[in-house]
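Working notes, structure below.
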Amino acid sequence: MHRVGMSLQLSVRLKRFFSACLSSWERKCYSTQSQFVDALRVVVGETNISTSLTVREQHGRDESMHSCHPPDVVVWPQHVQQASELSRMCYEHNVPLIPFGTGTGLEGGVSAIKGGVCFNMTRMDKILNLNAEDFSVTVEPGVTRKALNSYLRDSGLWFPVDPGADASICGMAATSASGTNAVRYGTMRDNVINLEVVLPDGRILDTAGKDRVFRKTSAGYNLTSLFVGSEGTLGIITKATLRLHGIPEAVVSAVCSFPSVQAAVDSTVQILQCGVPIARIEFLDDVMIDACNKFNRLNYPVLPTLFLEFHGTERGLEEQVQQTEEITQLNGGSDFTWAKDQEERNKLWTARHNAWYAALALRPGSRGYATDVCVPISKLPEIIVETKKDLLDSRLTGPIAGHVGDGNFHCIMVLNLDDPDEVSRVKEFTNRLARRALAMNGTCTGEHGIGLGKRKLLMEEIGEVGIETMKQIKATLDPKNLMNPGKVI
(Lines give C-alpha, C1' and ligand atoms only; values in the text may rest on other atoms or scores of the structure.)
Protein backbone atom coordinates (compact mmCIF):
# COMPACT_ATOMS: atom_id res chain seq x y z
CA MET A 1 0.00 0.00 0.00
CA HIS A 2 2.86 2.30 0.89
CA ARG A 3 4.51 1.60 -2.47
CA VAL A 4 1.25 2.28 -4.30
CA GLY A 5 0.97 5.63 -2.48
CA MET A 6 4.54 6.54 -3.41
CA SER A 7 3.90 5.50 -7.02
CA LEU A 8 0.80 7.68 -7.20
CA GLN A 9 2.71 10.64 -5.72
CA LEU A 10 5.51 10.15 -8.25
CA SER A 11 2.98 9.99 -11.07
CA VAL A 12 1.39 13.25 -9.92
CA ARG A 13 4.83 14.93 -9.69
CA LEU A 14 5.77 13.77 -13.18
CA LYS A 15 2.50 15.09 -14.60
CA ARG A 16 3.07 18.43 -12.94
CA PHE A 17 6.64 18.54 -14.25
CA PHE A 18 5.69 17.79 -17.85
CA SER A 19 2.73 20.18 -17.64
CA ALA A 20 5.09 22.99 -16.56
CA CYS A 21 7.44 22.18 -19.45
CA LEU A 22 4.77 22.41 -22.12
CA SER A 23 3.39 25.67 -23.50
CA SER A 24 -0.33 26.32 -23.23
CA TRP A 25 -0.73 25.49 -26.91
CA GLU A 26 1.13 22.19 -26.47
CA ARG A 27 -1.06 21.29 -23.49
CA LYS A 28 -4.21 21.87 -25.55
CA CYS A 29 -3.06 20.44 -28.85
CA TYR A 30 -0.17 18.09 -28.02
CA SER A 31 -1.83 15.09 -29.63
CA THR A 32 -2.46 16.97 -32.87
CA GLN A 33 0.45 19.43 -32.90
CA SER A 34 2.35 17.64 -35.66
CA GLN A 35 -0.79 17.55 -37.79
CA PHE A 36 -1.33 21.27 -37.21
CA VAL A 37 2.27 22.06 -38.19
CA ASP A 38 1.81 19.93 -41.31
CA ALA A 39 -1.29 21.97 -42.15
CA LEU A 40 0.68 25.20 -41.77
CA ARG A 41 3.37 23.72 -44.01
CA VAL A 42 0.80 23.07 -46.74
CA VAL A 43 -0.09 26.80 -46.73
CA VAL A 44 3.43 28.31 -46.77
CA GLY A 45 5.58 25.53 -48.22
CA GLU A 46 8.46 23.53 -46.77
CA THR A 47 11.01 26.37 -46.98
CA ASN A 48 8.84 28.88 -45.14
CA ILE A 49 8.32 27.09 -41.83
CA SER A 50 10.64 25.98 -39.05
CA THR A 51 10.41 24.17 -35.73
CA SER A 52 14.17 24.28 -35.13
CA LEU A 53 15.02 25.30 -31.57
CA THR A 54 17.73 27.68 -32.77
CA VAL A 55 15.33 29.45 -35.14
CA ARG A 56 12.59 29.57 -32.52
CA GLU A 57 14.94 31.06 -29.93
CA GLN A 58 15.99 33.74 -32.44
CA HIS A 59 12.33 34.69 -32.67
CA GLY A 60 11.65 34.59 -28.94
CA ARG A 61 13.62 37.68 -27.99
CA ASP A 62 14.34 41.22 -29.13
CA GLU A 63 17.11 43.68 -28.18
CA SER A 64 15.80 44.02 -24.62
CA MET A 65 16.96 42.27 -21.46
CA HIS A 66 13.69 40.33 -21.20
CA SER A 67 14.07 36.55 -21.13
CA CYS A 68 13.72 34.52 -24.32
CA HIS A 69 10.33 32.84 -24.78
CA PRO A 70 10.49 30.96 -28.09
CA PRO A 71 7.39 30.20 -30.14
CA ASP A 72 6.54 26.59 -31.02
CA VAL A 73 6.86 27.18 -34.75
CA VAL A 74 7.94 30.02 -37.07
CA VAL A 75 6.27 30.70 -40.42
CA TRP A 76 7.16 33.14 -43.20
CA PRO A 77 4.01 34.22 -45.11
CA GLN A 78 4.63 35.25 -48.72
CA HIS A 79 1.49 37.33 -49.26
CA VAL A 80 -1.56 38.59 -47.40
CA GLN A 81 -3.75 35.63 -48.40
CA GLN A 82 -1.29 33.26 -46.74
CA ALA A 83 -1.17 35.44 -43.61
CA SER A 84 -4.97 35.45 -43.57
CA GLU A 85 -5.25 31.67 -43.93
CA LEU A 86 -2.59 31.05 -41.26
CA SER A 87 -4.37 33.39 -38.87
CA ARG A 88 -7.71 31.69 -39.50
CA MET A 89 -6.14 28.30 -38.74
CA CYS A 90 -4.58 29.58 -35.50
CA TYR A 91 -7.90 31.12 -34.49
CA GLU A 92 -9.86 27.92 -35.10
CA HIS A 93 -7.34 25.87 -33.08
CA ASN A 94 -6.92 28.47 -30.28
CA VAL A 95 -3.22 28.89 -31.07
CA PRO A 96 -1.46 32.18 -30.11
CA LEU A 97 0.17 34.14 -32.94
CA ILE A 98 2.97 36.67 -32.63
CA PRO A 99 4.01 39.06 -35.45
CA PHE A 100 7.78 39.47 -35.97
CA GLY A 101 9.67 42.07 -38.02
CA THR A 102 13.38 42.72 -37.56
CA GLY A 103 13.48 41.97 -33.83
CA THR A 104 14.85 45.41 -32.90
CA GLY A 105 12.24 46.16 -30.23
CA LEU A 106 13.24 47.08 -26.69
CA GLU A 107 10.37 45.92 -24.46
CA GLY A 108 10.05 42.19 -25.14
CA GLY A 109 7.22 42.64 -27.60
CA VAL A 110 8.03 39.50 -29.63
CA SER A 111 8.38 37.07 -26.70
CA ALA A 112 6.05 34.10 -27.16
CA ILE A 113 5.19 33.84 -23.48
CA LYS A 114 2.32 31.44 -24.22
CA GLY A 115 3.97 29.61 -27.11
CA GLY A 116 2.22 29.53 -30.46
CA VAL A 117 3.10 30.52 -34.02
CA CYS A 118 5.48 33.35 -34.86
CA PHE A 119 4.67 35.16 -38.11
CA ASN A 120 7.98 36.42 -39.52
CA MET A 121 6.90 39.02 -42.08
CA THR A 122 10.29 39.80 -43.64
CA ARG A 123 9.72 37.83 -46.86
CA MET A 124 6.83 40.12 -47.79
CA ASP A 125 9.19 42.88 -48.87
CA LYS A 126 7.77 44.62 -51.94
CA ILE A 127 7.52 48.40 -52.36
CA LEU A 128 4.18 49.15 -54.03
CA ASN A 129 2.38 52.10 -55.56
CA LEU A 130 4.86 54.96 -55.28
CA ASN A 131 2.94 58.12 -56.18
CA ALA A 132 5.33 61.06 -56.21
CA GLU A 133 2.58 63.56 -57.04
CA ASP A 134 0.55 62.50 -54.01
CA PHE A 135 3.63 62.16 -51.77
CA SER A 136 2.72 58.59 -50.82
CA VAL A 137 3.98 55.03 -51.09
CA THR A 138 2.65 51.64 -50.06
CA VAL A 139 4.97 48.99 -48.66
CA GLU A 140 4.77 45.40 -47.45
CA PRO A 141 5.86 44.56 -43.88
CA GLY A 142 9.34 43.29 -44.74
CA VAL A 143 10.49 46.63 -46.17
CA THR A 144 12.92 48.42 -43.86
CA ARG A 145 13.29 52.18 -43.59
CA LYS A 146 16.78 52.15 -45.19
CA ALA A 147 15.57 50.02 -48.10
CA LEU A 148 12.63 52.39 -48.63
CA ASN A 149 14.78 55.52 -48.66
CA SER A 150 17.26 53.86 -51.02
CA TYR A 151 14.36 53.10 -53.37
CA LEU A 152 13.10 56.70 -53.11
CA ARG A 153 16.50 58.27 -53.72
CA ASP A 154 15.84 59.39 -57.32
CA SER A 155 12.25 60.52 -56.69
CA GLY A 156 13.10 63.67 -54.73
CA LEU A 157 11.19 62.24 -51.76
CA TRP A 158 12.09 60.50 -48.53
CA PHE A 159 10.53 58.89 -45.47
CA PRO A 160 11.99 60.75 -42.48
CA VAL A 161 10.93 58.65 -39.46
CA ASP A 162 14.26 57.37 -38.13
CA PRO A 163 14.34 55.32 -34.91
CA GLY A 164 18.03 54.51 -35.38
CA ALA A 165 17.77 50.80 -36.06
CA ASP A 166 17.01 49.65 -39.60
CA ALA A 167 13.59 48.53 -38.47
CA SER A 168 10.81 47.27 -40.72
CA ILE A 169 8.28 49.92 -41.66
CA CYS A 170 5.25 47.93 -40.49
CA GLY A 171 7.05 47.05 -37.27
CA MET A 172 7.64 50.76 -36.80
CA ALA A 173 3.92 51.33 -37.31
CA ALA A 174 3.05 48.59 -34.82
CA THR A 175 5.22 50.21 -32.12
CA SER A 176 4.49 53.85 -33.09
CA ALA A 177 8.20 54.49 -33.64
CA SER A 178 9.68 57.94 -34.02
CA GLY A 179 13.33 58.95 -33.54
CA THR A 180 15.67 61.76 -34.43
CA ASN A 181 13.55 63.53 -37.08
CA ALA A 182 10.27 63.55 -35.16
CA VAL A 183 10.68 67.11 -33.89
CA ARG A 184 10.03 68.37 -37.44
CA TYR A 185 8.41 65.52 -39.37
CA GLY A 186 6.40 63.77 -36.66
CA THR A 187 6.15 60.14 -35.57
CA MET A 188 4.67 57.10 -37.28
CA ARG A 189 1.22 58.23 -36.09
CA ASP A 190 1.65 61.36 -38.21
CA ASN A 191 2.99 59.57 -41.30
CA VAL A 192 0.77 56.50 -41.76
CA ILE A 193 -2.20 57.09 -44.08
CA ASN A 194 -3.68 53.61 -44.38
CA LEU A 195 -2.99 50.07 -43.15
CA GLU A 196 -3.93 46.61 -44.36
CA VAL A 197 -4.35 44.41 -41.28
CA VAL A 198 -5.07 40.71 -40.89
CA LEU A 199 -7.36 40.36 -37.89
CA PRO A 200 -7.00 37.43 -35.47
CA ASP A 201 -9.73 35.40 -37.19
CA GLY A 202 -8.18 35.89 -40.63
CA ARG A 203 -10.38 38.70 -41.93
CA ILE A 204 -8.54 41.44 -43.84
CA LEU A 205 -9.17 45.04 -42.79
CA ASP A 206 -8.17 48.21 -44.66
CA THR A 207 -8.23 50.80 -41.89
CA ALA A 208 -9.01 53.76 -44.17
CA GLY A 209 -10.79 51.84 -46.94
CA LYS A 210 -9.14 49.71 -49.60
CA ASP A 211 -6.46 51.55 -51.60
CA ARG A 212 -7.54 54.96 -50.27
CA VAL A 213 -4.86 57.64 -50.06
CA PHE A 214 -5.75 61.09 -48.75
CA ARG A 215 -4.19 63.88 -46.73
CA LYS A 216 -7.01 64.09 -44.23
CA THR A 217 -10.40 62.62 -43.38
CA SER A 218 -13.20 62.97 -40.85
CA ALA A 219 -14.94 59.73 -41.87
CA GLY A 220 -15.76 57.69 -38.80
CA TYR A 221 -13.45 56.29 -36.14
CA ASN A 222 -9.71 56.57 -36.75
CA LEU A 223 -8.97 52.87 -37.21
CA THR A 224 -5.52 53.58 -38.62
CA SER A 225 -4.35 55.22 -35.41
CA LEU A 226 -5.91 52.38 -33.42
CA PHE A 227 -3.47 49.91 -34.98
CA VAL A 228 -0.46 52.26 -34.96
CA GLY A 229 1.10 51.50 -31.59
CA SER A 230 -0.98 48.37 -30.93
CA GLU A 231 2.23 46.27 -30.71
CA GLY A 232 0.79 43.27 -32.53
CA THR A 233 -2.01 42.75 -30.00
CA LEU A 234 -4.92 43.55 -32.34
CA GLY A 235 -3.80 42.24 -35.73
CA ILE A 236 -0.94 41.68 -38.18
CA ILE A 237 -0.03 44.67 -40.35
CA THR A 238 0.54 43.38 -43.89
CA LYS A 239 0.67 46.67 -45.80
CA ALA A 240 1.24 50.33 -44.93
CA THR A 241 0.60 53.44 -46.99
CA LEU A 242 2.90 56.23 -45.88
CA ARG A 243 3.17 59.99 -46.20
CA LEU A 244 6.41 61.06 -47.90
CA HIS A 245 8.26 64.37 -47.71
CA GLY A 246 10.36 66.34 -50.15
CA ILE A 247 14.12 66.05 -49.78
CA PRO A 248 15.29 69.45 -48.53
CA GLU A 249 17.33 71.68 -50.83
CA ALA A 250 20.06 72.17 -48.24
CA VAL A 251 21.07 70.31 -45.07
CA VAL A 252 23.67 71.22 -42.48
CA SER A 253 24.54 69.60 -39.14
CA ALA A 254 26.35 70.94 -36.11
CA VAL A 255 27.62 69.91 -32.69
CA CYS A 256 27.69 72.21 -29.66
CA SER A 257 28.92 71.43 -26.14
CA PHE A 258 27.74 73.06 -22.90
CA PRO A 259 29.07 73.56 -19.38
CA SER A 260 26.07 71.80 -17.82
CA VAL A 261 23.03 69.64 -18.56
CA GLN A 262 20.82 72.56 -17.54
CA ALA A 263 22.43 74.87 -20.12
CA ALA A 264 22.07 72.33 -22.94
CA VAL A 265 18.44 71.54 -22.24
CA ASP A 266 17.57 75.21 -21.62
CA SER A 267 18.93 75.92 -25.11
CA THR A 268 16.69 73.21 -26.57
CA VAL A 269 13.59 74.69 -24.96
CA GLN A 270 14.46 78.22 -26.11
CA ILE A 271 15.19 77.14 -29.70
CA LEU A 272 11.75 75.55 -29.92
CA GLN A 273 10.03 78.46 -28.19
CA CYS A 274 11.52 80.80 -30.80
CA GLY A 275 9.93 78.76 -33.58
CA VAL A 276 13.15 77.65 -35.26
CA PRO A 277 12.05 74.81 -37.62
CA ILE A 278 14.95 72.60 -36.61
CA ALA A 279 14.97 69.09 -38.10
CA ARG A 280 16.92 67.28 -35.39
CA ILE A 281 18.07 68.28 -31.93
CA GLU A 282 19.65 65.45 -29.95
CA PHE A 283 21.12 65.54 -26.46
CA LEU A 284 24.02 63.39 -25.23
CA ASP A 285 25.30 63.71 -21.69
CA ASP A 286 29.01 63.68 -20.81
CA VAL A 287 29.05 59.92 -20.18
CA MET A 288 27.44 59.22 -23.55
CA ILE A 289 29.78 61.59 -25.38
CA ASP A 290 32.79 59.91 -23.79
CA ALA A 291 31.48 56.51 -24.89
CA CYS A 292 30.84 57.75 -28.45
CA ASN A 293 34.32 59.27 -28.66
CA LYS A 294 35.94 55.98 -27.69
CA PHE A 295 33.71 53.79 -29.84
CA ASN A 296 33.78 55.97 -32.99
CA ARG A 297 37.30 57.44 -32.57
CA LEU A 298 36.03 61.00 -32.23
CA ASN A 299 37.32 63.85 -30.09
CA TYR A 300 34.33 65.90 -28.97
CA PRO A 301 34.70 67.63 -25.58
CA VAL A 302 33.42 65.35 -22.81
CA LEU A 303 30.58 67.66 -21.86
CA PRO A 304 26.79 67.71 -22.24
CA THR A 305 26.30 68.09 -26.00
CA LEU A 306 23.64 68.89 -28.57
CA PHE A 307 23.68 67.41 -32.08
CA LEU A 308 21.63 69.61 -34.41
CA GLU A 309 20.49 69.45 -38.02
CA PHE A 310 18.83 72.11 -40.18
CA HIS A 311 16.79 71.50 -43.35
CA GLY A 312 15.55 74.08 -45.86
CA THR A 313 16.75 76.47 -48.52
CA GLU A 314 20.24 77.96 -48.44
CA ARG A 315 18.87 81.34 -47.32
CA GLY A 316 16.50 79.79 -44.83
CA LEU A 317 19.33 77.81 -43.23
CA GLU A 318 21.34 80.98 -42.67
CA GLU A 319 18.52 82.43 -40.58
CA GLN A 320 17.96 79.19 -38.64
CA VAL A 321 21.64 78.76 -37.84
CA GLN A 322 22.16 82.38 -36.83
CA GLN A 323 19.22 82.34 -34.44
CA THR A 324 20.24 78.98 -32.95
CA GLU A 325 23.86 80.07 -32.44
CA GLU A 326 22.73 83.18 -30.60
CA ILE A 327 20.61 81.07 -28.24
CA THR A 328 23.28 78.47 -27.54
CA GLN A 329 25.97 81.08 -26.88
CA LEU A 330 23.71 82.91 -24.43
CA ASN A 331 23.60 79.63 -22.50
CA GLY A 332 27.37 79.18 -22.51
CA GLY A 333 27.51 76.86 -25.52
CA SER A 334 30.66 76.41 -27.56
CA ASP A 335 31.09 77.47 -31.18
CA PHE A 336 29.42 75.07 -33.59
CA THR A 337 31.46 72.23 -35.09
CA TRP A 338 30.02 71.93 -38.59
CA ALA A 339 29.23 68.96 -40.81
CA LYS A 340 28.11 70.32 -44.18
CA ASP A 341 28.81 67.65 -46.79
CA GLN A 342 26.92 64.38 -46.74
CA GLU A 343 29.89 62.24 -45.75
CA GLU A 344 30.60 64.36 -42.66
CA ARG A 345 26.90 64.44 -41.73
CA ASN A 346 26.66 60.68 -42.06
CA LYS A 347 29.70 60.29 -39.81
CA LEU A 348 28.16 62.57 -37.19
CA TRP A 349 24.78 60.82 -37.15
CA THR A 350 26.33 57.37 -37.31
CA ALA A 351 28.04 58.24 -34.03
CA ARG A 352 24.65 59.20 -32.58
CA HIS A 353 22.95 56.05 -33.89
CA ASN A 354 25.80 53.90 -32.51
CA ALA A 355 25.09 55.19 -29.00
CA TRP A 356 23.70 51.79 -27.95
CA TYR A 357 26.86 49.93 -28.95
CA ALA A 358 29.09 52.70 -27.62
CA ALA A 359 27.39 52.43 -24.23
CA LEU A 360 27.82 48.63 -24.14
CA ALA A 361 31.51 49.06 -24.94
CA LEU A 362 31.94 50.93 -21.65
CA ARG A 363 31.69 47.54 -19.92
CA PRO A 364 32.70 44.70 -22.26
CA GLY A 365 30.65 41.59 -21.68
CA SER A 366 27.77 43.55 -20.18
CA ARG A 367 24.18 43.71 -21.35
CA GLY A 368 22.16 46.78 -22.15
CA TYR A 369 18.67 47.85 -21.22
CA ALA A 370 17.34 51.01 -22.83
CA THR A 371 14.40 52.73 -21.21
CA ASP A 372 12.74 55.94 -22.35
CA VAL A 373 10.32 58.53 -21.04
CA CYS A 374 8.81 61.68 -22.46
CA VAL A 375 7.76 64.85 -20.61
CA PRO A 376 6.48 68.31 -21.52
CA ILE A 377 9.41 70.24 -22.96
CA SER A 378 9.36 72.76 -20.12
CA LYS A 379 10.10 69.91 -17.68
CA LEU A 380 13.14 68.59 -19.57
CA PRO A 381 15.87 70.42 -17.60
CA GLU A 382 14.39 69.31 -14.28
CA ILE A 383 13.93 65.64 -15.14
CA ILE A 384 17.34 65.18 -16.78
CA VAL A 385 19.17 66.86 -13.89
CA GLU A 386 17.26 64.72 -11.37
CA THR A 387 17.92 61.58 -13.40
CA LYS A 388 21.67 62.26 -13.52
CA LYS A 389 21.70 62.61 -9.75
CA ASP A 390 19.69 59.40 -9.32
CA LEU A 391 22.18 57.49 -11.50
CA LEU A 392 25.09 58.65 -9.36
CA ASP A 393 23.30 57.89 -6.10
CA SER A 394 22.34 54.44 -7.37
CA ARG A 395 25.90 53.63 -8.51
CA LEU A 396 24.70 52.75 -12.01
CA THR A 397 26.11 53.22 -15.51
CA GLY A 398 23.40 54.82 -17.61
CA PRO A 399 24.48 57.18 -20.39
CA ILE A 400 21.69 59.52 -21.49
CA ALA A 401 20.78 60.23 -25.10
CA GLY A 402 17.58 61.88 -26.13
CA HIS A 403 15.33 63.34 -28.79
CA VAL A 404 15.04 66.37 -26.57
CA GLY A 405 13.15 68.38 -29.17
CA ASP A 406 10.18 66.16 -28.33
CA GLY A 407 10.82 65.98 -24.60
CA ASN A 408 11.90 62.35 -25.07
CA PHE A 409 15.14 60.84 -23.77
CA HIS A 410 16.71 57.44 -23.13
CA CYS A 411 18.84 55.98 -20.38
CA ILE A 412 20.97 53.15 -21.73
CA MET A 413 21.54 51.02 -18.66
CA VAL A 414 24.71 48.93 -18.86
CA LEU A 415 24.69 46.10 -16.36
CA ASN A 416 25.87 42.65 -15.38
CA LEU A 417 22.87 40.34 -15.50
CA ASP A 418 24.68 37.88 -13.24
CA ASP A 419 24.75 40.44 -10.42
CA PRO A 420 21.31 40.26 -8.72
CA ASP A 421 21.98 43.40 -6.69
CA GLU A 422 22.79 45.46 -9.79
CA VAL A 423 19.80 44.06 -11.69
CA SER A 424 17.56 45.02 -8.76
CA ARG A 425 19.00 48.54 -8.62
CA VAL A 426 18.44 48.97 -12.37
CA LYS A 427 14.79 47.88 -12.11
CA GLU A 428 14.22 50.22 -9.17
CA PHE A 429 15.90 53.09 -11.01
CA THR A 430 13.91 52.63 -14.24
CA ASN A 431 10.65 52.51 -12.29
CA ARG A 432 11.60 55.71 -10.47
CA LEU A 433 12.46 57.34 -13.80
CA ALA A 434 9.09 56.41 -15.29
CA ARG A 435 7.18 57.60 -12.24
CA ARG A 436 9.21 60.82 -12.22
CA ALA A 437 8.01 61.42 -15.78
CA LEU A 438 4.41 60.61 -14.84
CA ALA A 439 4.60 63.05 -11.93
CA MET A 440 5.56 65.74 -14.46
CA ASN A 441 2.49 64.93 -16.61
CA GLY A 442 4.60 62.97 -19.06
CA THR A 443 4.50 59.36 -20.29
CA CYS A 444 6.35 56.22 -19.23
CA THR A 445 7.44 55.63 -22.84
CA GLY A 446 7.88 58.05 -25.70
CA GLU A 447 8.66 55.50 -28.40
CA HIS A 448 9.77 52.07 -27.11
CA GLY A 449 6.25 50.92 -26.29
CA ILE A 450 4.80 48.94 -23.39
CA GLY A 451 5.47 45.33 -24.38
CA LEU A 452 6.17 43.18 -21.33
CA GLY A 453 8.08 45.64 -19.23
CA LYS A 454 5.78 48.62 -18.66
CA ARG A 455 2.29 47.22 -18.24
CA LYS A 456 1.97 48.30 -14.60
CA LEU A 457 3.23 51.75 -15.50
CA LEU A 458 0.63 52.01 -18.28
CA MET A 459 -2.07 51.42 -15.65
CA GLU A 460 -0.64 54.25 -13.55
CA GLU A 461 -0.50 56.50 -16.61
CA ILE A 462 -3.97 56.14 -18.11
CA GLY A 463 -5.94 54.88 -15.12
CA GLU A 464 -8.47 52.12 -14.57
CA VAL A 465 -11.04 53.43 -17.05
CA GLY A 466 -8.38 53.76 -19.73
CA ILE A 467 -7.17 50.18 -19.21
CA GLU A 468 -10.74 48.84 -19.18
CA THR A 469 -11.48 50.64 -22.44
CA MET A 470 -8.37 49.11 -24.02
CA LYS A 471 -9.41 45.68 -22.77
CA GLN A 472 -12.86 46.12 -24.30
CA ILE A 473 -11.31 46.98 -27.67
CA LYS A 474 -8.97 44.00 -27.38
CA ALA A 475 -11.85 41.66 -26.47
CA THR A 476 -13.89 42.85 -29.45
CA LEU A 477 -11.14 42.34 -32.03
CA ASP A 478 -9.43 39.39 -30.34
CA PRO A 479 -12.04 37.62 -28.17
CA LYS A 480 -9.83 34.54 -27.68
CA ASN A 481 -6.79 36.64 -26.65
CA LEU A 482 -4.57 34.98 -29.26
CA MET A 483 -2.84 38.04 -30.75
CA ASN A 484 0.53 38.48 -29.02
CA PRO A 485 -0.99 37.66 -25.60
CA GLY A 486 0.47 39.09 -22.41
CA LYS A 487 1.63 42.36 -23.96
CA VAL A 488 0.49 45.95 -23.31
CA ILE A 489 -2.59 45.11 -21.18
Side-chain angles (χ1 to χ4, degrees), residues 178-180 182-183 187 255-276 278 280-291 301-308 324 326-334 352 355 359 369-413 425-448 453-454 456-458 460-463:
S178 51
T180 58
V183 64
T187 71
V255 179
C256 181
S257 58
F258 293 84
S260 68
V261 172
Q262 186 80 41
V265 182
D266 282 347
S267 293
T268 301
V269 174
Q270 292 163 21
I271 289 166
L272 297 174
Q273 287 174 337
C274 288
V276 178
I278 197 159
R280 304 187 192 187
I281 183 163
E282 298 285 300
F283 171 81
L284 282 73
D285 74 349
D286 54 332
V287 181
M288 191 74 259
I289 279 288
D290 186 44
V302 182
L303 293 168
T305 300
L306 291 181
F307 282 35
L308 310 103
T324 302
E326 290 175 357
I327 292 169
T328 57
Q329 289 176 2
L330 285 172
N331 286 289
S334 67
R352 167 61 185 90
Y369 174 57
T371 188
D372 82 311
V373 297
C374 188
V375 297
I377 294 170
S378 63
K379 297 293 186 180
L380 264 176
E382 180 182 353
I383 192 171
I384 292 182
V385 170
E386 288 184 12
T387 300
K388 290 280 288 180
K389 182 178 184 302
D390 195 353
L391 285 166
L392 290 172
D393 292 344
S394 303
R395 296 175 289 112
L396 294 171
T397 302
I400 294 176
H403 317 306
V404 287
D406 303 313
N408 178 211
F409 70 93
H410 312 264
C411 280
I412 304 176
M413 309 306 299
R425 283 185 284 120
V426 166
K427 289 181 178 178
E428 290 170 1
F429 164 81
T430 55
N431 282 332
R432 284 196 303 274
L433 172 59
R435 292 188 171 104
R436 190 177 297 127
L438 295 179
M440 295 179 180
N441 296 322
T443 174
C444 66
T445 176
E447 59 184 15
H448 291 180
K454 292 189 173 182
K456 290 182 180 178
L457 292 164
L458 178 64
E460 294 177 28
E461 181 169 329
I462 68 171

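These figures come from a predicted structure and were not determined experimentally. Counting from 1, the numbers follow the sequence of the chain as shown.
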Return the [atom1] to [atom2] distance between [X] and [Y], rounded to the nearest 0.5 Å.
X	Y	atom1	atom2	value
N331	S260	CG	OG	8.5 Å
L303	D290	CG	CG	10.5 Å
L438	L433	CG	CG	9.5 Å
D406	L380	CG	CG	9.5 Å
F283	T268	CZ	OG1	8.0 Å
C256	F307	SG	CZ	11.0 Å

Check: [Y] and [X] side chains under 4.5 Å, non-hydrogen atoms:
X	Y	answer
V287	L391	no
R435	V373	no
I412	M288	yes
L457	E460	yes
V183	V404	no
E447	T187	no
K454	T371	yes

Are the side chain of [X] and the backbone of [Y] linked by a donor-acceptor contact shorter than 3.5 Å?
X	Y	answer
N408	V375	no
D285	I400	yes
N431	K427	yes
E282	R352	no

Within 6.0 angstrom of K388 NZ, more than 12 heavy atoms from elsewhere: yes
Residue list, side-chain contact (heavy atoms from CB on, under 4.5 Å) with E326, at least two apart or on another chain: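 E326: side-chain contact (heavy atoms from CB on, under 4.5 Å) contacts with Q322.
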Contacts of type side-chain contact (heavy atoms from CB on, under 4.5 Å), residue P259, not counting sequence neighbours: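 Applying side-chain contact (heavy atoms from CB on, under 4.5 Å) to P259 gives A263.
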ring-ring contact (aromatic ring centres under 6.0 Å, His included) involving H410 - partner list, sequence neighbours excluded: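 With sequence neighbours excluded, H410 shows a ring-ring contact (aromatic ring centres under 6.0 Å, His included) to H403, H448, given in chain and number order.
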How close do [X] and [Y] get, heavy atom to heavy atom, and via which atoms?
X	Y	result
F429	C411	CZ-SG, 4.0 Å
D266	P381	OD1-CG, 3.4 Å
L458	C444	N-SG, 4.3 Å
L306	L308	O-CD1, 3.8 Å
P301	I289	O-CG2, 3.3 Å

Any residue meeting side-chain hydrogen bond (donor to acceptor under 3.5 Å, both in side chains) with D390, in chain and number order, not counting sequence neighbours: S394, R432, R436
Residue list, side-chain hydrogen bond (donor to acceptor under 3.5 Å, both in side chains) with T180, at least two apart or on another chain: D162
Sequence neighbours excluded - side-chain hydrogen bond (donor to acceptor under 3.5 Å, both in side chains) pairs with any residue from residues 376-385: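 side-chain hydrogen bond (donor to acceptor under 3.5 Å, both in side chains) check on residues 376-385 returns no pairs.
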